[in-house]
Student: 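Pasting a structure here, questions to come.
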Amino acid sequence: MPSGIDETALRAAAEALAGARSVVALTGAGVSAESGIPTFRDAMTGLWAKFDAQRLATPDAFERDPALVSRWYDERRMRCARCVPNAGHSALASIERVITARGRSFTLLTQNVDRLHLRAGSERVIELHGSLFAWRCTVTGTKRDDLPMPLPNYPLQSEAGGIYRPGVVWFGEELPAGAVRRAARAVESCDLFLSIGTSGVVYPAAGFIESAAGVGARIIEINPEPTPLSHLATWRFAAPSGELLPHLFESASFT
Ligand code: BJW
C-alpha cells in the first residue's frame, strides 16, 4: 500500500468499483510515467520542459518545419515502443476483464498516444488524442500503422505526393468525431468514473470529468498532485497509479 493512503477510503472506493453498473476510466500521461514516458506538464521532467510545445506540437509547427516535427514524433514513437506497460496499465486491464465478464459496462478513455493500454490487454479503449503509431497522408488522409521505425526520411513523402504526419491530435484540431461520440455516450450512463494521471486542463477530455459529475457518477481521482477538478472527486488518492490501481483492484470484491 502506498504510504499515506487512507485504507478506509480505499475500501469504500473499491466497494463502489465492485458494485458499479457502468464504469468509465479517463487516463492521462501520469499513468505511463512509471513506464518511463515523461508527462507533458511536469515542471522538471515533462516533455514540455525539454521542448517548446508551441514549436513542435501544433499544426502550425508542422507546416513550418515538418522535418523537425516528424523527427520529434518518430523519436517519441521509438521510445514508447521500447517501454512496457506498468502495474497500473495491467490493473486497468484486469478491472475491465472482471467487470465485462459480469455483464457490466467498462470504457477506457485515454488521452495517451503511447498504446500502452492496448499492449497491457485493455480492449475497450477509446484513443481521444490519436496515436504515435498511426501516421496519416496529408493529401489522402490514408492512415498507416506500419511505417518503418525509424522513418527513412524526415518528413516522409507519401505515395500520393503528400507527406506523412503524426496521427495525434494537436491543439486547435478536432478530436476524432466517432471517439468523442462514443466517449460521451459512455460517460452519460456511467455511475463510476476514474480520473487517473491527468492534469485535467486539456479540453474536451477534461470535460468528461465534469460531465460524469453532472450525471451523478461517483468519481475516483488518482494523482500524486491535486488538479483543478479534484473538488469533483468522491475519493482522491494522492499516489502513483502504478501503485494505487493494483491495490484498488485487489480490494474490490466483485460478485
Ligand atoms: C501521475 C503520475 C503517476 C504524474 N501516477 N499520476 C475549453 C476551455 C479552454 C480551452 C479549450 C476548451 N476547449 C478546447 C480548448 C482548447 C484546447 C485546450 O484544452 N487548451 C487548454 C490547454 C487551455 N483544446 C484543444 O485544442 C483540443 N481541440 C479542440 O478543442 O478542438 C476544437 C475544434 C472544434 C472545431 C474545429 C477545430 C477545433 C485538442 C487538444 C489536443 C491535445 N493534444 C496533446 C498533444 C498530443 C500529441 C502529442 O503527444 O504530442 O495531448 S496536448 C497534451 O495534453 C497531450 C495530452 O494527451 C494532453 C493532456 O495532458 P495529460 O495527459 O493530462 O498530461 P499532463 O502532463 O498535463 O499531466 C500529467 C498528470 O499526471 C499530472 O497531473 C501529474 O501530477 C500526474 N502524474 N506521475 C498518476 N505516477
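Heavy atoms only: backbone and side chains are in, while hydrogens, waters and symmetry mates are out. In each ligand, atom 1 is the first atom listed, and ligand 1 is the first ligand listed.
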Student: May I have the list of side-chain donor-acceptor pairs in residues 84-93 shorter than 3.5 Å, sequence neighbours left out?
Tutor:
from  : atom 1 : to    : atom 2 : distance (Å)
Asn86 : OD1    : Gly88 : N      : 2.7
Asn86 : OD1    : His89 : N      : 3.4
Asn86 : ND2    : Val31 : O      : 2.9
Asn86 : ND2    : Ser35 : OG     : 3.1
His89 : ND1    : Asn86 : N      : 3.0
His89 : NE2    : Ser32 : OG     : 3.2
Ser90 : OG     : Asn86 : O      : 3.3

Student: Consider ligand 1: state whether an atom of it lies below 4.0 angstrom from any non-hydrogen atom of Gly242.
Tutor: no
Student: Hey, which atoms in ligand 1 end up nearer than 4.0 Å to a heavy atom of Val113?
Tutor: 49 (O)
Student: What are the two closest non-hydrogen atoms of Val139 and Gly162, and how far apart are they?
Tutor: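 Closest pair (atom of Val139, atom of Gly162, distance): CG2-CA, 3.5 Å.
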Student: Tell me whether ligand 1 is touched by Leu175 - counting only heavy atoms on the residue side and a distance under 4.0 Å.
Tutor: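 Right, Leu175 reaches ligand 1.
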Student: Which of the numbered atoms in ligand 1 are under 4.0 angstrom from any heavy atom belonging to Glu34?
Tutor: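 Selected atoms, number and element: 3 (C), 5 (N), 80 (N).
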Student: Are any side-chain N or O atoms of Glu243 and backbone N or O atoms of Pro240, one a donor and one an acceptor, separated by less than 3.5 Å?
Tutor: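 No.
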Student: Out of Trp72, Phe237, Phe171, Phe40, indicate the one that has the non-hydrogen atom closest to atom 20 (N) of ligand 1.
Tutor: Phe171
Student: Applying the 4.5 Å side-chain criterion to the ILVMFWY set and letting contacts propagate, would Met149 and Trp135 be lumped into a single cluster?
Tutor: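 Per the 4.5 Å side-chain linkage, Met149 and Trp135 are co-clustered.
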Student: For the residue pair Glu34 and Ser241, what are the closest heavy atoms and their distance?
Tutor: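 For Glu34 and Ser241, the tightest heavy-atom pair comes out as OE1-N, 3.5 Å.
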Student: Spell out, as yes or no, whether a donor-acceptor pair under 3.5 Å connects the side chain of Thr198 to the backbone of Thr27.
Tutor: no
Student: Would you tabulate the side-chain donor-acceptor contacts of residues 95-102 under 3.5 Å, counting partners in other chains and residues two or more places apart, or write 'none'?
Tutor:
from   : atom 1 : to     : atom 2 : distance (Å)
Glu96  : OE1    : Glu123 : N      : 3.1
Glu96  : OE1    : Arg124 : N      : 3.4
Glu96  : OE2    : Glu123 : N      : 3.0
Glu96  : OE2    : Arg124 : N      : 3.2
Thr100 : OG1    : Glu96  : O      : 2.8
Thr100 : OG1    : Arg97  : O      : 3.4
Arg102 : NE     : Thr255 : O      : 3.0
Arg102 : NH1    : Val98  : O      : 3.1

Student: Which atoms of ligand 1 sit under 4.0 Å from any heavy atom of Glu225?
Tutor: 75 (O)
Student: Distance under 4.0 Å to a non-hydrogen atom of Gly28: what atoms of ligand 1 satisfy this?
Tutor: 62 (O)
Student: Do Arg77 and Asp74 sit within salt-bridge range, that is, some charged N less than 4.0 Å from a carboxylate O?
Tutor: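 Answer for the salt bridge query: yes.
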Student: Is there a donor-acceptor pair closer than 3.5 Å between any side-chain N or O of Arg104 and the backbone N or O of Ala18?
Tutor: yes
Student: Nearest to atom 29 (C) of ligand 1 by heavy atom, Glu243, Glu173, Glu174: which?
Tutor: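 Minimum heavy-atom distance to atom 29 (C) of ligand 1 goes to Glu173.
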Student: Heavy-atom distance to atom 51 (O) of ligand 1: which of Arg76, His129, Glu221, Gln111 wins?
Tutor: His129
Student: If the cut-off is 4.0 Å to any non-hydrogen atom of Gly172, which atoms of ligand 1 fall inside it?
Tutor: 25 (C), 26 (O), 37 (C), 38 (C)
Student: With atoms numbered from 1 as shown, which atoms in ligand 1 lie under 4.0 angstrom from a non-hydrogen atom of Ala33?
Tutor: 78 (N)
Student: Within ligand 1, which atoms have a heavy atom of Tyr73 less than 4.0 Å away?
Tutor: 47 (C), 48 (C), 50 (O)
Student: Quick check on contacts: which atoms of ligand 1 are under 4.0 angstrom from a heavy atom of Val168?
Tutor: 47 (C)
Student: Indicate, as side chain, backbone, both or neither, the part of Pro240 found under 4.0 angstrom from ligand 1 when only non-hydrogen atoms are considered.
Tutor: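 Under 4.0 Å from ligand 1, Pro240 contributes backbone and side-chain atoms.
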Student: Would a 4.5 Å heavy-atom cut-off, applied to side chains only, mark Arg218 and Asp191 as touching?
Tutor: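 Side-chain contact under 4.5 Å: no.
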Student: Compare every heavy atom of Ala239 with every heavy atom of Ile222, then report the nearest pair and how far apart it is.
Tutor: CG2-O, 3.6 Å
Student: Considering only heavy atoms, which of Val202, Val169, Thr27, Val69 lies nearest to atom 44 (C) of ligand 1?
Tutor: Val169
Student: Look at ligand 1 and say whether Asn223 reaches it with a heavy atom at a distance under 4.0 Å.
Tutor: yes
Student: Just going by heavy-atom distances, which of Ala239, Ala29, Ala206 is nearest to atom 61 (P) of ligand 1?
Tutor: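 Result: the heavy atom closest to atom 61 (P) of ligand 1 is in Ala29.
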